[in-house]
2 protein chains.
Amino acid sequence: MVTIEDVARRAGVSRQTVSNVINAPAKVREPTREKVDAAITALGYAPNAVARRLRTQRTSTIGVRLDAYSGGVSGVVLDRFVHALTEHAATRGLRVLLYAARTVDEELRHINELADGGEVDAIILTGTSRDDRRAERLRERDMPFAAFGRPWGTEDPAEASHPWVDIDGAAGTRAATAYLLGDAGPRVAFLGWPPDSETGDDRERGWREAMAAGSGDRAAPRISSEDGVAQAQGAIRTLLKDDAVDGIVCASDALAIGAHLAAVEAGRPGLRIVGFDNTAAAEALGISSVEQLPERVAAGLLDMLMGPEERRISHPPAPVGLLVEPQLIVR
Amino acid sequence: MVTIEDVARRAGVSRQTVSNVINAPAKVREPTREKVDAAITALGYAPNAVARRLRTQRTSTIGVRLDAYSGGVSGVVLDRFVHALTEHAATRGLRVLLYAARTVDEELRHINELADGGEVDAIILTGTSRDDRRAERLRERDMPFAAFGRPWGTEDPAEASHPWVDIDGAAGTRAATAYLLGDAGPRVAFLGWPPDSETGDDRERGWREAMAAGSGDRAAPRISSEDGVAQAQGAIRTLLKDDAVDGIVCASDALAIGAHLAAVEAGRPGLRIVGFDNTAAAEALGISSVEQLPERVAAGLLDMLMGPEERRISHPPAPVGLLVEPQLIVR
DNA sequence: AAATAAAATTTGATCGATCAAAAATTTTGG
DNA sequence: CCAAAATTTTTGATCGATCAAATTTTATTT
């Protein structure tokens with residue numbers, strides 16, 4: 001292994017000058033820098049990341065939880081998010097360290113380990129809930145963090161207690177509903193999950209608002225189903241027997257696929273349906289869907305952790321919230 | 001931050017004794033150990049991972065590439081693999097560091113960086129090809145690695161040049177074909193990609209072998225389509241016009257979904273179709289599929305890198321190959 | 001050209017742990 | 001009970017870099 005000492009010896013300068021060439025080239029005179037650069041390339045030197053971390057007390061690493069694989073249609077959004085985060089982090093000189101956890105307690109243990117061991121400079125939370133214990137723990141431990149998911153309850157971006165970015169689900173279903181109202185007809189139904197899930201209620205709200213604001217038929221039903229193709233198919237099968245609907249806005253692609261299958265079954269393959277998440281399955285079946293743009297979320301979170309141009313993590317990051325407007329993909 | 005020195009002072013012993021309590025408790029006398037343990041819990045001490053890495057020259061971290069998000073039906077296998085790897089790695093005291101790359105050259109750069117900076121102890125390659133440049137580079141650099149994917153060309157597990165684990169695609173299609181021969185009829189067609197992709201040819205071989213070995217109809221066709229729902233749908237639409245087939249074994253779920261749609265369209269919703277990868281989309285549509293079990297691949301790769309019970313990476317790991325038999329999921 | 005200011009470079013200390021060898025203690029055996 | 005062996009504990013060096021302060025060199029001013 002080539003060390004900074006080797007380079008210094010070869011270039012006939014001191015360690016620190018080599019260090020300066022790498023970290024603060026402006027401090028070094030041109031001819032000196034050239035000598036050092038020549039030595040660096042001749043020896044193939046690269047700074048040892050571990051030694052640097054020990055000295056600077058910065059790991060340039062952020063931790064991200066990988067959820068237990070759900071097996072369902074969803075989960076893809078998170079995968080795309082992790083991918084985008086990794087790419088964006090790289091351009092800012094950060095690395096992404098994974099940890100897997102199936103439960104909150106398991107995740108809390110991991111958070112402790114990462115913090116105790118000084119392994120990461122910041123943590124990205126996903127899927128935050130009201131009074132999130134992880135957020136609490138991270139605050140206690142004084143570990144910078146940002147969340148993919150709004151702090152339900154206090155959603156005013158101006159008075160956030162920590163940085164967060166979330167998809168504006170209501171905006172997504174609003175756009176979907178407006179599209180169907182214009183393109184299909186006034187009787188646009190909503191197929192959602194049973195009430196009281198925060199994400200679900202948010203998406204329902206968008207439909208309600210668009211129906212009220214536009215030319216929506218007040219009588220258009222709100223149907224409830226667990227998140228699964230078969231369950232949704234059953235629910236919509238029943239619906240299509242009696243009700244005359246022009247289109248269905250769904251809270252997820254799994255629901256949309258079920259609705260689509262029920263429509264085909266009922267001899268109405270042209271019934272307009274819009275899903276949510278824009279998964280490969282919806283794409284494969286040609287179902288329109290609301291695309292979450294997890295890449296924007298990833299970029300937004302890093303901006304918050306670091307400031308838009310910085311290359312180091314703010315401590316603590318400014319507590320602001322950002323809602324990303326999703327995009328309707330029409331098929 | 002609590003250091004080993006703080007603990008030593010509080011317990012009234014030396015640094016090294018504290019270190020021994022943590023890393024080699026057998027070397028420490030019982031009463032001493034108790035004192036130290038008490039101090040550790042009182043102060044909430046945890047060893048600094050970065051300092052330890054610098055001294056031991058081991059990072060206990062493995063690097064894994066995250067592919068560019070493909071957007072298609074596939075990709076999920078890799079995500080599940082990364083997840084399983086993270087979980088298994090954790091139980092062996094390893095961390096998983098991600099890097100994103102879109103091209104081979106980009107990946108080679110990342111490999112160099114990770115090796116130069118001493119960031120990882122080993123790298124996991126995915127999607128290996130014949131004469132893989134990454135494998136070559138890693139060998140040159142003396143970085144331990146293992147691959148998800150066989151070294152096409154020399155597939156005899158006994159004479160591998162590096163450790164690898166792969167899914168036995170032929171075994172998967174063999175099982176799928178045998179199942180359809182028994183359950184549907186002798187005319188089992190194969191819907192695959194254009195020839196000369198290694199994975200594709202492997203999967204086709206399984207079908208051929210099972211057809212020859214079982215009661216397969218020699219005349220059953222082998223149809224070719226690019227990997228996409230629409231393309232496959234078109235190909236099978238044509239097929240179903242003339243040919244009478246009892247079932248179709250497909251090289252991917254995307255193809256299977258296309259075939260399924262064509263079958264429904266042709267008024268044969270009961271036509272037996274088997275896909276490959278067992279994606280959420282296939283599950284949602286109730287299409288049988290071959291499940292790759294990426295969890296086993298992850299476990300197998302770590303066993304190879306570390307030995308089945310060890311907690312440190314062998315250098316170099318023994319070059320052996322392992323084919324994991326996939327599992328047919330009947331729906 | 002000397003005095004002063006500014007810039008460039010070097011030196012010594014440090015980050016927090018483990019390794020290797022030395023010193024202190026306990027155990028064993030005659 | 002003492003010497004030798006075995007065990008336990010401590011000390012000093014080190015991993016490879018950066019920080020802070022000291023020193024040297026160059027540039028500016030009078």
Side-chain angles (χ1 to χ4, degrees), chain A residues 1-37 39-40 43-61 93 113-121 311-312, chain B residues 1-37 39-40 43-61 93 113-121 311-312:
Chain A
M1 159 168 274
V2 186
T3 74
I4 200 171
E5 200 78 47
D6 300 328
V7 177
R9 208 174 1 253
R10 169 140 186 162
V13 299
S14 71
R15 293 189 311 287
Q16 187 61 44
T17 300
V18 179
S19 176
N20 285 338
V21 168
I22 294 165
N23 299 304
K27 287 188 183 165
V28 180
R29 230 155 26 109
E30 184 61 24
T32 317
R33 186 166 62 231
E34 279 165 15
K35 267 193 305 182
V36 173
D37 277 333
I40 287 177
L43 297 174
Y45 168 75
N48 181 296
V50 175
R52 173 181 277 172
R53 283 176 195 157
L54 176 59
R55 181 64 246 232
T56 61
Q57 301 287 74
R58 259 180 283 116
T59 62
S60 301
T61 304
E113 272 176 33
L114 293 175
D116 287 337
E119 304 235 39
V120 298
D121 289 340
R311 284 179 66 88
R312 73 175 53 187
Chain B
M1 159 169 273
V2 186
T3 73
I4 200 171
E5 200 78 47
D6 301 327
V7 177
R9 207 172 6 251
R10 168 142 186 161
V13 299
S14 70
R15 295 190 308 289
Q16 186 61 44
T17 300
V18 178
S19 174
N20 285 336
V21 167
I22 293 164
N23 299 302
K27 287 188 183 165
V28 181
R29 229 153 29 108
E30 183 60 25
T32 317
R33 185 164 63 229
E34 280 165 14
K35 268 192 306 184
V36 173
D37 277 332
I40 287 177
L43 297 175
Y45 168 75
N48 181 294
V50 176
R52 175 181 273 171
R53 283 176 194 155
L54 176 58
R55 181 65 248 231
T56 61
Q57 300 287 78
R58 260 181 281 116
T59 62
S60 301
T61 303
E113 272 176 31
L114 293 175
D116 286 337
E119 304 234 39
V120 299
D121 289 340
R311 284 179 67 88
R312 73 172 57 184

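Chain letters run A, B, ... following the sequence lines, proteins first and then strands; every chain starts at 1. What you see is a predicted model; the values in this text were computed from it and never measured.
Looking at heavy-atom distances under 4.0 Å, B:Ala46 makes contact with sugar-phosphate atoms alone, never a base. As judged by a 4.0 angstrom heavy-atom cut-off over every strand, B:Val13 is placed among residues touching the sugar-phosphate backbone only. Using a 4.0 Å heavy-atom criterion, one finds that B:Val28 contacts the sugar-phosphate atoms exclusively. Contacts of B:Thr17 with the nucleic acid, taken as non-hydrogen atoms under 4.0 Å apart, include base atoms.
Under 4.0 angstrom from either OP1 or OP2 of D:dT9 there lies no side-chain N or O belonging to B:Asn20. Dashed line: the shortest gap from a side-chain N or O of A:Thr32 to OP1 or OP2 of C:dA8 is not under 4.0 Å. For C:dG16, neither phosphate oxygen OP1 nor OP2 lies less than 4.0 angstrom from any side-chain nitrogen or oxygen of B:Thr3. Proximity of B:Ser19 to the phosphate of C:dT18: a side-chain N or O atom is located under 4.0 Å from OP1 or OP2. Residue B:Arg52 has a polar side-chain atom (N or O) positioned under 4.0 Å from OP1 or OP2 of C:dT18. In this structure, B:Gln57 reaches the D:dG16 phosphate: one of its side-chain N or O atoms is under 4.0 Å from OP1 or OP2. Contact annotation: A:Asn48 does not reach the phosphate of D:dC15 (side-chain N/O to OP1 or OP2, under 4.0 Å).
Note: NZ (B:Lys27) to P (C:dA21) measures 13 Å, nearest angstrom. One atom, NZ of B:Lys35, and another, P of D:dT8, lie 14 Å apart when rounded to the nearest Å. Atom-to-atom, CD of A:Glu30 to P of D:dA27 comes out at 14 Å; the value is rounded to the nearest Å. Atoms CD (B:Glu119) and P (D:dG16) sit 15 Å apart, rounded to a whole Å. In this structure, the CE atom of B:Met1 is 11 Å from the C1' atom of C:dA17, given to the nearest Å. Atom CD in B:Gln16 sits roughly 14 Å away from atom P in D:dG12 (whole-Å rounding). Across the protein-nucleic acid pair, A:Glu5 atom CD and C:dT11 atom C1' stand 12 Å apart, rounded to whole Å. Atom CZ in A:Arg15 sits about 15 Å away from atom P in D:dA20, given to the nearest Å.
Looking at which nucleotide of DNA chain D each of B:Ala26 and A:Arg29 is closest to, the 5′-most match is held by B:Ala26. Between B:Leu54 and A:Ile22, the residue anchored nearer the 5' end of DNA chain D, judged by the nucleotide with its closest heavy atom, is B:Leu54.
Closest to the side chain of A:Arg55, out of D:dA17, C:dT9, C:dA17, is D:dA17.
With A:Asp121 contributing its side chain and A:Arg58 its backbone, the two residues share no donor-acceptor pair below 3.5 Å. The backbone N or O of B:Arg52 lies less than 3.5 Å from a partner atom in the side chain of B:Thr56, making a donor-acceptor pair.
Taking each heavy atom of B:Gly118 and B:Thr59 in turn, the nearest pair found is O-CG2, 3.0 Å. Residues A:Val18 and A:Val13 share a closest heavy-atom pair of CG2-CG2, 3.9 Å.
With a 4.5 Å cut-off on side-chain heavy atoms, B:Arg53 and A:Glu119 count as touching.
Atom CZ of A:Arg33 has more than 12 heavy atoms from other residues, nucleotides or ligands within 6.0 Å.
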